2 protein chains.
Amino acid sequence: MLLWHNEFMDLKRIATFVTVAELQSFTEAAARLHTVQPAISRQVQQLEQEVGAPLLWRTKRTVRTTAAGAIFLLRAKELLARAGEIREEAQRANRGEVGRLAIGYLGSATSPFLPDLVQRYRRQYPGVKVTVAEMTPTEQIQAFEKGAIDVGFTRPVDRHQRSRFQELRIYEDQLKVAVSASDRRASRRSLALRELASEPFVLFERALAPGLIDLALSACQRAGFSPQVAGESPLMQTVLVMVAAGMGVSLVPGCVRHLGVNGISLLDFTPKAASVDLVMIWPKTHIPPTVQEFEGLVKGQLPAVRQQMTPPGPR
Amino acid sequence: MLLWHNEFMDLKRIATFVTVAELQSFTEAAARLHTVQPAISRQVQQLEQEVGAPLLWRTKRTVRTTAAGAIFLLRAKELLARAGEIREEAQRANRGEVGRLAIGYLGSATSPFLPDLVQRYRRQYPGVKVTVAEMTPTEQIQAFEKGAIDVGFTRPVDRHQRSRFQELRIYEDQLKVAVSASDRRASRRSLALRELASEPFVLFERALAPGLIDLALSACQRAGFSPQVAGESPLMQTVLVMVAAGMGVSLVPGCVRHLGVNGISLLDFTPKAASVDLVMIWPKTHIPPTVQEFEGLVKGQLPAVRQQMTPPGPR
DNA sequence: TATCAGTAATGCTGCTTTGGCATAATGAAT
DNA sequence: ATTCATTATGCCAAAGCAGCATTACTGATA
């Protein structure tokens, strides 16, 4: 490697040349750069080697740029400025001020509060490209694999995946029995789950939200029966409409009341089932700064969100 | 200076990072860059220090860019490409392939051949911005001072300036006596200069071309008289028109025959005066490559130019 | 004309940085 | 659990670089 000149120009040497060219003096440039004149001389010499052209025309009294030096001076200043810019940009990306934040969300459980969260975040980080996409829990896991989303609002992931994701509980919801408004029990506050043992059930498709459906099934199990599934749908709205139409009863999270489907009644039941949480999840590995910042904002908004998602009347 | 991190990012380290990011491997990057893996590790570490943000997310199995690294990778590649481009541009400037060539010229002595020279040059060096401006010899000297022109086609400069300029003789011309076509001597081939001792003279303004006029005056001096100047003009055409109008005789370079002024006759005279040369001059200090290349082209064209500027008929 | 003053280049030295080797640490896959 | 692949770290020698002293040169000045 002896005497083997580098393939690349050195930005420091370029900056030195710019200073010399603008001050038209090696000595003054040395003072400006807090070093000594011979260092400047050699830096410029090396840069001329690297560039492959003389850049400065020296007399003992004055220093001028050559033709090559003049054009190089112009371009070098641009290059140095650009170098500074890209460093700034990387730092902004590292602070989560630029970049992207792709959000997957569960429409039925987030519609009341998510738009506000997103709006607050976009105001605070206008440089971040935010996208939102409604997805079922299963679709969100797949989207994480493909890198299509950065955070997801969903149900708690199963034991298998738990180690790969970080979770933030947003709010706690309760399973409710959904019956048609024309059902004879529609006006009751509560019922025993085993009263439904022989009723037809309409459920959300298990493959798309196994956590939720398994919770419902285990509730029936504990009540001593296995529900007779008369219908399934990949859309929560459709489930509710089928219930309203009297095609069966269902077990759904209380938050579906925000979906605005008429003709149904949501009842508490005994024995009480475990609560069904809404969580925000994101992969533990390689957490982008945008996600970190979003997490902080969400945490700050948690009280407001929880108040918003708490049923207004008597529970 | 111990542990004092440089203000500038190092292009070599940036290139190393790009290689690592694209190959997604430190080890492979080391092989590609003909060095060893620890060197790569430390270069990337240093670059991350310089940038002020983590750029790569390392596991033992794979290497990925962080959010900051992803945007930095994109920009860094542009920066490296740009750095290469500006080096190329400086080299082209050094070879005279880009830049400028500002030409000052003496219209009366160059009009037959200069357009062709300029055209040839522009074809060979299309990247050079060529400008031409008609100027008297004195104006050319001033234009050189201001850096307004790079080469000049003019008369030989005086002793005082000679050391500052390089000269290339283009062609050799002879002083002629100009008389009106209606003059009784108009059809003669030659006359003795002293025949004009008592005639009125019309001359080009001395201040604008001292070399030429001093040559004419010294010719008269040697013929034993001092001409009686009846008129002066800063335009050679005007001088000739005044001669044609019979306002006087003049002493002019033979090349004025190309100006296309009618009604005059150009005669040889005795005693023969020193020849009046047309030269190309340019400052000795800081000769731009464009000028060097132009000089080469002009030298190659000299025979053609001289043939073109030689009077066709008997001399 | 000779001296002087100011500037860039060069020789040299010691410190800093960097590359290369050996090895440790770590995580994934079998 | 073990092994393999990969990156990080400790160490050393070589190279690069800054700083000092000095030289060489030129334009200005007396």
Side-chain angles (χ1 to χ4, degrees), chain A residues 1-17 19-50 54-66 69 145 160 163-164 283-286, chain B residues 1-17 19-50 54-66 69 163-164 283-286:
Chain A
M1 287 279 184
L2 179 64
L3 201 65
W4 189 260
H5 270 287
N6 204 309
E7 172 184 7
F8 299 101
M9 302 178 293
D10 188 306
L11 286 187
K12 181 182 169 189
R13 289 193 263 270
I14 292 178
T16 299
F17 161 74
T19 307
V20 173
E22 291 192 333
L23 296 180
Q24 302 197 341
S25 160
F26 284 64
T27 310
E28 284 182 45
R32 167 84 60 97
L33 298 175
H34 308 104
T35 182
V36 293
Q37 168 264 317
I40 304 296
S41 278
R42 273 192 275 252
Q43 282 187 32
V44 173
Q45 285 170 1
Q46 285 188 23
L47 181 63
E48 286 174 322
Q49 289 274 339
E50 289 165 353
L55 299 175
L56 291 176
W57 180 75
R58 306 132 159 102
T59 65
K60 295 295 166 178
R61 217 40 150 186
T62 181
V63 174
R64 293 283 156 77
T65 53
T66 61
E145 307 288 349
H160 225 23
S163 61
R164 303 181 49 210
K284 272 182 179 161
T285 59
H286 178 240
Chain B
M1 288 277 183
L2 180 65
L3 204 65
W4 190 260
H5 271 288
N6 204 312
E7 172 183 6
F8 298 99
M9 301 178 294
D10 189 308
L11 286 187
K12 182 182 169 188
R13 288 193 264 268
I14 292 179
T16 299
F17 161 74
T19 307
V20 173
E22 292 190 332
L23 296 179
Q24 300 196 343
S25 161
F26 284 64
T27 310
E28 285 182 44
R32 168 85 59 95
L33 298 175
H34 308 101
T35 182
V36 293
Q37 168 266 319
I40 304 295
S41 278
R42 274 192 275 253
Q43 281 186 33
V44 173
Q45 286 170 0
Q46 286 187 20
L47 181 63
E48 286 175 322
Q49 288 275 337
E50 289 166 352
L55 299 176
L56 290 177
W57 181 75
R58 306 131 159 103
T59 65
K60 295 295 165 180
R61 215 38 145 189
T62 180
V63 173
R64 292 283 155 77
T65 53
T66 61
S163 62
R164 303 181 47 210
K284 272 181 178 160
T285 59
H286 178 240

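Values in this document were obtained by computation on a predicted structure and should not be read as measured data. In the text below, chain A, chain B and the rest are named by the order of the sequence lines, each starting its count at 1.
- Remark: T66(A) engages no residue in a side chain to side chain donor-acceptor pair (under 3.5 Å) (not counting sequence neighbours).
- Side-chain N/O atoms of Q46(A) include one lying less than 4.0 angstrom from OP1 or OP2 on dC17(D).
- A donor atom on one side chain and an acceptor atom on the other are found under 3.5 Å apart for S41(B) and Q37(B).
- Across all their heavy atoms, A21(B) and T65(B) have their closest contact at CB-CG2, 3.9 Å.
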Base contacts versus sugar-phosphate-only contacts with protein, heavy atoms under 4.0 Å: please encode nucleotides 4-9 of chain C as B, S and - from 5' to 3'.
--BBBB

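- At whole-Å resolution of the value, CG in D10(A) and P in dA15(D) are 19 Å apart.
- As rounded to whole Å, 15 Å separates atom C1' of dA8(D) from atom CD of Q49(B).
- Regarding Q43(B), its CD atom lies at a distance of 14 Å from the P atom of dT7(D), rounded to whole Å.
- For F17(B), the ring pair (Phe, Tyr, Trp, His ring centres under 6.0 Å) partners are F72(B), not counting sequence neighbours.
- Between E48(A) and R58(A) there is a salt bridge, with a side-chain nitrogen of the basic residue lying less than 4.0 Å from a carboxylate oxygen of the acidic one.
- Here the P atom of nucleotide dT7(D) and the CG atom of L47(B) are 17 Å apart, to the nearest Å.
- Looking at L55(A) and L47(A), their side chains come closer than 4.5 Å, going by heavy atoms from C-beta outward.
- For dG16(D), neither phosphate oxygen OP1 nor OP2 lies less than 4.0 angstrom from any side-chain nitrogen or oxygen of K12(B).
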